[in-house]
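Positions are given from 1 along the sequence.
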Amino acid sequence: MKKKWAVLLAAGLLAASLAGCGGAQKEEGQAASSGGTDTENTADGDGAEAADNGENVEESGESSGEAEEDSQDLYVFIAASLSNAMEEIKVDYEELHPEIDIIYNADSSGTLQTQIEEGAQCDLFFSAATKQMDALQEGGYLVDGTVKNLLENKVVLIKPKGGETAVTGFENITEAANLALAGEDVPVGQYAREIFQNLGSYDQVMAMEINEGANVTAVLAAVSEAANEVGVVYATDAQSVADSVEIIAEAPAGSLQTPVLYPAGVVKDDQGGEAATQAAEEFLEYLSSSEAMTVFETYGFSAYEE
């Protein structure tokens, strides 16, 4: 009997021992399994975060690239007499179109025409006369159908503010000791010579002491500084420095048969491509808007009316 109980007791202890070992192994397995899952979750989380960061960096790079691609330089050649008005228009337009950077080149229309013909990068030409624009169109430098007559101006005779002169108009201009006059390839110089031709005084005027300016700005400066007794400029130029010069007279009626027109046209720009052409066309459209015309009128221009 005692033997039987001993055997049973030994068997019970062995079973309990085996159960305990099994439970411990099971718990260790669960813990290992749980630890593996946490590791995988952490790895997945870090991976997802890294992937997100990568996507953000990539997206940021794409945005930066897009911003650079969207930025557009616009090369605009303008007659010198347009400078003040166009600087104000540049500010207004770039506020509306921050992706556009307008770069001006201001000089006489004849000089600008030559630069375009010689290959200077230009997207839009705004001339002080139709002659230069017509020549470029005939030479195939302009985009067909884009030329517009936008503004009109007047030719005037000026003297230094408070200056003394016997000259009362274009008719007796030869009474001046000297004259500031733009070159014959400059629109205002061409207009002045036409006036003298029609008044019959061309030879007498050309025999005067003449300070020939490269553009209308040079003529205006010469009279403003009292380097010359009188000079011929546009009305808008005289208005821009009213504290330095006085208008003696406007060109007499009938003495100037060529209208003082300011046309603008889009130039074929192989360097800038289609994007530059489109930007130029949009800017040209803005120049004929009521907003732009208000600025031009402030500086003494008038809108062209057919």
Transitive ILVMFWY side-chain link V147 to L261, under 4.5 Å:
no

message = For Q278 and E282, which I'm curious about, is there any donor-acceptor pair between the side chains at under 3.5 Å?
response = yes

query = Is a side-chain donor-acceptor pair under 3.5 Å present for D269 with Q121?
reply = yes

Modelled atom types, side-chain donor and acceptor of T165 and E229, under 3.5 Å: yes

Between the OG atom in S71 and the CD1 atom in I100, the distance rounded to the nearest 0.5 Å is 7.5 Å

Minimal heavy-atom distance between G162 and E246, with the atoms involved, is N-OE2, 2.7 Å

Hphob cluster co-occupancy, V267 + Y75, side-chain heavy atoms under 4.5 angstrom: no

Using the benzene-type ring in the case of Trp, are the ring centres of Y93 and Y286 under 6.0 Å apart? yes

Will you find, in the side chains of N105 and Q115, an N or O donor that is under 3.5 Å from an N or O acceptor?
yes

Value for OH (Y234) from CG (L151), rounded to nearest 0.5 Å, stands at 11.5 Å

* Asked: Around K154, counting heavy atoms of other residues, nucleotides and ligands shown, do more than 12 lie under 6.0 Å from its NZ?
  -> no

Atom NZ of K131: over 12 foreign heavy atoms under 6.0 Å = no

dist Q137:CD -> L142:CG (nearest 0.5 Å) comes out at 5.5 Å

**Asked** Would the number of heavy atoms belonging to other residues, nucleotides or ligands and lying under 6.0 Å from CD of E184 be above 12?
**Response** no

Side-chain contact test, heavy atoms from C-beta onward, threshold under 4.5 Å: evaluate it for E94 versus I102 and give yes or no. yes

Joint cluster assignment, M208 & V186, ILVMFWY side-chain distance < 4.5 Å = yes

When every non-hydrogen atom of I173 is compared with those of V230, the smallest separation belongs to CG1-CG2, 4.2 Å

Indicate if F125 and V143 have the same hydrophobic cluster label, given that clusters are the connected sets of ILVMFWY residues with side-chain heavy-atom separations under 4.5 angstrom. no

Audit row: E285, K148, salt bridge (charged side-chain N to carboxylate O under 4.0 Å, His left out) steps and yes/no: CA-CA 10 Å; E285 187 66 27; K148 294 182 179 181; 3.2 Å; yes

Rounding to 0.5 Å, atoms CG (L82) and OG1 (T236) come to a distance of 7.5 Å

Notebook entry, point to check: Is there a donor-acceptor contact under 3.5 Å linking the side chains of T146 and E281?
Noted result: no

Next on the checklist: Tell me whether the rings of F296 and F126 are parallel (<30°), tilted (30 to 60°) or perpendicular (>60°).
Outcome noted: perpendicular

Exercise for review: Could you please spell out the steps behind the side-chain contact (heavy atoms from CB on, under 4.5 Å) verdict for L157 and V167?
Suggested key: CA-CA 9 Å; L157 185 63; V167 177; 3.6 Å; yes

Counting only N and O atoms by type, is there a donor-acceptor contact under 3.5 Å from the side chain of S109 to the main-chain atoms of A128? yes

- [ ] Might you work through the side-chain contact (heavy atoms from CB on, under 4.5 Å) test for E152 and F301, ending with a clear yes or no?
- [x] CA-CA 6 Å; E152 290 189 67; F301 294 96; over 6 Å; no

Separation between CE (M206) and OG1 (T174), nearest 0.5 Å, reads 11.5 Å

If we ignore hydrogens and angles and just use 3.5 Å, is the side chain of Q239 paired with the main-chain N or O of T298 as donor and acceptor? yes

(message) Between L150 and L284, does the side-chain contact (heavy atoms from CB on, under 4.5 Å) criterion hold? Intermediate values first, please.
(response) CA-CA 10 Å; L150 296 179; L284 176 56; 4.2 Å; yes

CD1 of I103 to SG of C122, rounded to nearest 0.5 Å, is 11.5 Å

Check: N172 side chain, A166 main-chain N or O, donor-acceptor pair, under 3.5 Å:
yes

Notebook entry, point to check: How about S302 and E297: do any of their side-chain heavy atoms sit closer than 4.5 Å?
Noted result: no

| request: Establish, from distance only, whether the side-chain atoms of T114 and T111 form a donor-acceptor pair under 3.5 Å. | output: no

If you apply the rule salt bridge (charged side-chain N to carboxylate O under 4.0 Å, His left out), what do you find for R193 with E212, and how did you get there?
CA-CA 12 Å; R193 286 165 175 77; E212 190 169 279; 3.4 Å; yes

Only residue of E95, E88, E87 satisfying side chain to side chain contact (heavy atoms under 4.5 Å, CB included) with V91 is E95

* Asked: Under 4.5 Å between any side-chain heavy atoms of D123 and T277, yes or no?
  -> no

Any donor-acceptor pair under 3.5 Å linking the side-chain atoms of N153 with those of Y262?
yes

Minimal heavy-atom distance between S240 and L220, with the atoms involved, is OG-CD2, 4.0 Å

For N149 and P263, the nearest pair of non-hydrogen atoms, with its separation, is OD1-CB, 3.3 Å

Nearest heavy-atom contact between V156 and E250 is CG1-CG, 3.8 Å

As a quick check of understanding, evaluate side-chain contact (heavy atoms from CB on, under 4.5 Å) for I116 and L136, giving each step before the final call. CA-CA 8 Å; I116 292 170; L136 288 174; 3.8 Å; yes

Item checked: Check: E194 main-chain N/O paired with N198 side-chain donor or acceptor under 3.5 Å -> yes

Here the pair of heavy atoms bringing L124 nearest to G265 is CD1-O, 3.2 Å

With the 4.5 Å side-chain cut-off for hydrophobic clustering, are L74 and I78 part of the same group?
yes

